[in-house]
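Below you will find the structure I want to go over with you.
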Amino acid sequence: EWGNITTALRYNQIINKKLFANITATYSRYKFDIGYLRNTQATTTDTTIENSLGFTYLSGIYDWGGKIDFDYLPNPNHYIRFGVGETYHTFTPGVNTFILSSGGSSLDTTFGSTNIYAHEMYGYIEDDFKIGDRLKINMGAHFSSFIVNDTTYNNFQPRFSANFLINEHLAIKGSYAGMAQYLHLLTNGTIGLPTDLWVPVTDSVPPIEADQVALGIAYSLGNDYEFSLEGYYKEMRNLIEYKDGASFFGSSENWDKKIEIGQGHSYGLELFLQKKVGKTSGWLGYTLSWSNRQFDNLNFGKTFAYKYDRRHDVSIAIVHEVAKRFGKK
């Protein structure tokens with residue numbers, strides 16, 4: 001069993017001509033359950049003995065949340081959004097269950113990680129605004145707190161992006177974003193099973209922090225063609241990975257005792273060319289990128305390419321209009 005359930009209840013309110021509010025309550029459940037159960041029979045001349053052997057691995061996240069968001073339009077050149085929210089998390093980051101029975105004897109053992117309960121709170125504000133006819137800017141800030149056990153993590157995450165129109169055909173754009181994430185994806189690359197775990201920060205495992213910058217140019221030739229080239233660099237801290245030889249199987253220790261904490265960075269170039277009109281249209285995209293990780297106690301402390309490293313990625317889409325319409329009645 002592997003999947004999600006999501007439920008939301010939303011109320012919209014027009015406060016006045018310039019201010020709108022959205023109130024949302026949510027519930028979500030992520031469940032991951034993998035294992036097997038085998039039943040066999042052993043028959044003698046007098047009796048038949050039932051034998052069972054099974055293994056189950058369980059993991060899940062249960063969230064209750066509420067938020068209120070506002071949209072404020074003071075004038076045609078400004079679009080301001082702000083709001084606050086809170087989510088109550090229940091994490092079950094990994095429980096192993098063994099079942100063994102033979103005849104009248106049985107063993108049912110559960111071990112592994114204990115449940116983790118946490119509160120996540122946040123507030124944000126951003127403004128899309130124009131300066132003249134050539135410059136568009138988006139500025140914002142996001143503040144969040146994560147309370148788990150007796151530890152509180154606070155993060156301030158500024159955001160900025162700008163688009164400047166040099167002339168009617170050429171524009172340049174740039175952005176910066178500071179980010180924090182209170183969920184870690186813990187993966188095991190040594191076995192061919194879907195064993196990725198979403199685990200929260202704890203007293204000993206801090207949140208992921210990242211900074212990303214991007215710079216690009218865009219050129220359009222009338223309404224027919226569009227070309228863009230963008231470069232980016234992202235630096236990440238407090239990433240986690242299993243220790244050498246460790247996995248989610250066969251240990252009574254919590255997951256946070258089996259990991260290393262390290263850092264990573266990714267960078268690359270993205271090229272995009274699009275033909276918008278005509279009987280034949282489409283686009284071509286090419287990405288040249290690197291994604292690396294470094295942990296002091298893994299790979300002798302040397303940087304290595306991570307599983308998300310896809311050095312070359314090419315995407316092509318072609319649309320051809322055969323006729324204005326198909327078939328007649």
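Basis for what follows: all heavy atoms, side chains included, without hydrogens, waters or symmetry-related copies.
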Between Leu239 and Tyr267, is there a shared hydrophobic cluster once you connect ILVMFWY residues whose side-chain heavy atoms come closer than 4.5 Å? no

On a heavy-atom basis, the closest approach of Gln157 and Ala180 is OE1-N, 3.3 Å

Of the non-hydrogen atoms in Asn149 and Asp203, which two are nearest, and what is the gap between them? ND2-OD1, 2.8 Å

Which heavy atom of Gly301 sits nearest to which heavy atom of Gln294, and what is that distance? O-NE2, 3.0 Å

Contact check, side chains of Met121 and Val84, non-hydrogen atoms, under 4.5 Å: no

Measure across Asp313 and Arg310 and return the closest heavy-atom pair with its distance rounded to 0.1 Å. OD1-NH2, 2.7 Å

Can you find a pair of side-chain heavy atoms, one from Ile261 and one from Pro206, that are under 4.5 Å apart? yes

Are the side chain of Lys173 and the backbone of Ala162 linked by a donor-acceptor contact shorter than 3.5 Å? no

Nearest 0.5 Å please: distance from the NZ atom of Lys67 over to the OH atom of Tyr124. 7.0 Å

Atom pair CH2/CZ of Trp283 and Phe227 - distance to nearest 0.5 Å: 15.5 Å

Is it the case that atom NZ in Lys302 sees more than 12 heavy atoms from other parts of the structure closer than 6.0 Å? no

With side-chain contact (heavy atoms from CB on, under 4.5 Å) as the test, would you mind laying out the steps for Ser220 and Glu168 before giving the verdict? CA-CA 8 Å; Ser220 61; Glu168 60 179 344; over 6 Å; no

Answer yes or no: are there more than 12 heavy-atom neighbours, outside Phe164 itself, under 6.0 Å from its atom CZ? yes

Between Arg29 and Asp63, is the closest basic N to carboxylate O distance under 4.0 Å? no

Neighbour count above 12 (heavy atom, 6.0 Å) for Asp133 CG: no

Grab the two heavy atoms, one from Trp198 and one from Gln181, that are nearest each other, plus how far apart they are. CZ3-NE2, 4.1 Å

Can you confirm whether Trp290 is buried at CH2, in the sense that more than 12 heavy atoms of other residues, nucleotides or ligands lie under 6.0 Å from that atom? yes

same_hphob_cluster(Leu185, Phe91) at 4.5 Å side-chain heavy-atom cutoff: yes

Aromatic ring pairing His119/Tyr88, orientation class (parallel under 30°, perpendicular over 60°, tilted between): tilted

Parallel, tilted or perpendicular: ring planes of Tyr233 versus His265, cut at 30 and 60 degrees: parallel

Spacing of Ser144 atom OG and Asn154 atom CG [to the nearest 0.5 Å]: 7.5 Å

Any donor-acceptor pair under 3.5 Å linking the side chain of Asn297 with the backbone of Phe300? no

Do other residues, nucleotides or ligands put more than 12 heavy atoms under 6.0 Å from Arg311 CZ? yes

Just by modelled atom types, is the Gly60 backbone N or O under 3.5 Å from a matching donor or acceptor in the Thr92 side chain? yes

So how far is it from Ser175 OG to Leu215 CG, rounded to the nearest 0.5 Å? 8.5 Å

Decide ring pair (Phe, Tyr, Trp, His ring centres under 6.0 Å) for Tyr122 and His142; before the verdict, give the C-alpha distance in whole Å, the side-chain angles of both, and the deciding distance to 0.1 Å. CA-CA 7 Å; Tyr122 68 87; His142 185 281; 5.6 Å; yes

Side chains of Lys276 and Asp224: does their closest heavy-atom pair fall under 4.5 Å? no

Any idea how His312 and Tyr286 line up, ring-wise: parallel (<30°), tilted (30 to 60°), or perpendicular (>60°)? parallel

Evaluate side-chain contact (heavy atoms from CB on, under 4.5 Å) for Gln212 paired with Met179, printing each intermediate quantity in order. CA-CA 8 Å; Gln212 179 172 305; Met179 294 164 282; 3.8 Å; yes

Salt bridge check: are Asp211 and Arg237 linked by an N-O gap of less than 4.0 Å? yes

Please test Ile172 against Ile166 for side-chain contact (heavy atoms from CB on, under 4.5 Å), starting from the C-alpha separation and ending with a verdict. CA-CA 7 Å; Ile172 59 173; Ile166 298 175; 3.9 Å; yes

Do Ile259 and Glu241 have side chains that approach each other closer than 4.5 Å (heavy atoms only, starting at C-beta)? no

Which atoms form the tightest heavy-atom contact between Leu165 and Ala171, and what is the distance? CD1-CB, 4.0 Å

Answer whether the closest heavy-atom distance between the side chains of Tyr232 and Glu270 falls below 4.5 Å. yes

Please verify the inter-ring angle class for Tyr306 with Phe304; under 30° counts as parallel, over 60° as perpendicular, anything in between as tilted. tilted

Check the angle between the aromatic planes of Tyr182 and Phe146 and answer parallel, tilted or perpendicular using the 30° and 60° thresholds. parallel

Compare all side-chain heavy atoms of Tyr79 with those of Pro74 and state whether any distance is below 4.5 angstrom. no

Is it true that Leu73 and Leu19 fall in one hydrophobic cluster, defined by side-chain heavy atoms closer than 4.5 Å? no

Consider only side-chain heavy atoms of I, L, V, M, F, W and Y, link residues closer than 4.5 Å, and tell whether Tyr72 and Ile68 are in one cluster. yes

May I ask whether Tyr308 and Leu298 are part of the same hydrophobic cluster, defined by side-chain heavy atoms of I, L, V, M, F, W, Y residues being less than 4.5 angstrom apart, directly or through others? yes

Mind checking whether Ile80 and Glu126 have side chains closer than 4.5 Å, heavy atoms only? no

Using a strict cut-off of less than 4.0 Å between a Lys/Arg side-chain nitrogen and an Asp/Glu carboxylate oxygen, indicate whether Glu226 and Lys275 qualify as a salt bridge. no

Non-hydrogen side-chain atoms of Val314 and Ile316 separated by less than 4.5 Å: yes

List the steps and the verdict of side-chain contact (heavy atoms from CB on, under 4.5 Å) for Val199 and Ile240. CA-CA 10 Å; Val199 293; Ile240 65 172; 3.9 Å; yes

For the atom pair CD (Glu230) and CD1 (Ile217), what is the distance rounded to the nearest 0.5 Å? 10.5 Å

Rounded at 0.5 Å granularity, tell me how far CG in Asp128 sits from CD1 in Ile137. 10.5 Å

